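Taking it in order: structure first as structure tokens, then the write-up.
Just so you know, ligand 1 is whichever comes first in the structure, and atom 1 is the first atom listed for that ligand. Numbers here are sequence positions counted from 1. From a predicted model like this one, the values you see are computed outputs, not experimental measurements.
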Amino acid sequence: MKRIGVLTSGGDSPGMNAAIRAVVRKGIFHGLEVAGIYQGYQGLIEGKIETLEARDVGDIIQRGGTKLYSARCEAFKTEEGQLKAIEQMKKHGLEGLVVIGGDGSYQGAMALTKHGFPCVGVPGTIDNDIPGTDYTIGFDTALNTVIEAIDKIRDTATSHERTFIIEVMGRDAGDLALWAGLSGGAETILIPEDDFDLDEIIDRLEKGRKRGKRHSIIIVAEGVMNGNALADLITSKADIETRVSVLGHVQRGGSPTARDRVLGSLFGAHAVEVLLQNIGGRAVGMKNHQVVDYDMTKAFTTKHETDMSLYTLSKELSI
Ligand code: ADP
């Protein structure tokens, strides 16, 4: 293998730049040429492909977002789109591709691999929802953004003796809500991995108030319901006034934490090592603190497992 490509696809996440930098520089370390593909699969079909030198990925490790931009591309879901993409890659002399993105992007990468073009996946999403890896790039930064917000909301919640509902991202996974709730000291955490009991939530709020608690923080994962809907449910059943804060896309941005920069660097570098063996259809991840690679199909045919011991612990601690 002499020349490989790298792209970012789907939802962006902080730390993707560290992964791009690692792919480019690890590739160069091994004597490869590395090309960046702009705007994900859309740019691949359109041939937005440029060779990246070591200096081209300088000064990006500390930046959120992705230098290569991202996109969603419906055309790429068709075989016709995929074949066009392969044609472009052949035209630009590429022999392998690193795809940094979520499970949707992995499905695209697997399709290319099945057409004979080796791809390796790197997990980039704030949702931490990719099966086969304990962590994804961007999760830690998003988590820190959320707890910064919780801390600030807690100040005003205490001053005014209020109950706050904070809606956090995570798609169908509760990881962000759970980790943020535990580290932000939330009284109640609602995640899609468990049913919730409205009466129990209300009971907790009322008991807390009687014990002299000046505030309550409820974290709700977007995969459960939106924050306003939860507020309506609570007020329909009890005389409890709530304030809702939907954190939204701030959770996607910002300078990556050290942890996400390290993860991005480790994953990007490992992806190049895998491609160098001419192996496609693999995904890179972290399992029990070790960098691993595994069959990429696992990432979209199995279900991500949230660490439910944290959920149990959060309940035990939020008394
Ligand atoms: P993420 O990678 O963050 O999960 P998406 O699900 O939006 O984000 O996927 C990103 C892109 O990957 C899509 O816009 C599409 O181009 C490609 N993709 C998603 N699903 C498939 C699929 N089943 N087959 C081929 N390509 C896909």
Indicate whether the side chain of Asp194 and that of Tyr311 have a donor and an acceptor atom separated by less than 3.5 Å. yes
Contact residues of ligand 1, where a non-hydrogen atom lies under 4.0 Å away: Ser9, Gly10, Gly11, Tyr41, Arg72, Cys73, Phe76, Lys77, Gln82, Gly102, Asp103, Gly104, Ser105, Gln107, Gly108, Arg171
Under 3.5 Å, is there a donor-acceptor pair linking the side chains of Gln277 and Glu273? no
Using a strict threshold of under 4.0 Å (side-chain N to carboxylate O), is an ion pair present between Asp59 and Arg21? no
Does Asp195, at its CG atom, have more than 12 non-hydrogen atoms belonging to other residues, nucleotides or ligands within less than 6.0 Å? no
Please tell me whether Tyr69 and Val99 are part of a single hydrophobic cluster in this structure, the criterion being side-chain heavy atoms less than 4.5 Å apart. no
Using a strict cut-off of less than 4.0 Å between a Lys/Arg side-chain nitrogen and an Asp/Glu carboxylate oxygen, indicate whether Asp56 and Lys67 qualify as a salt bridge. no
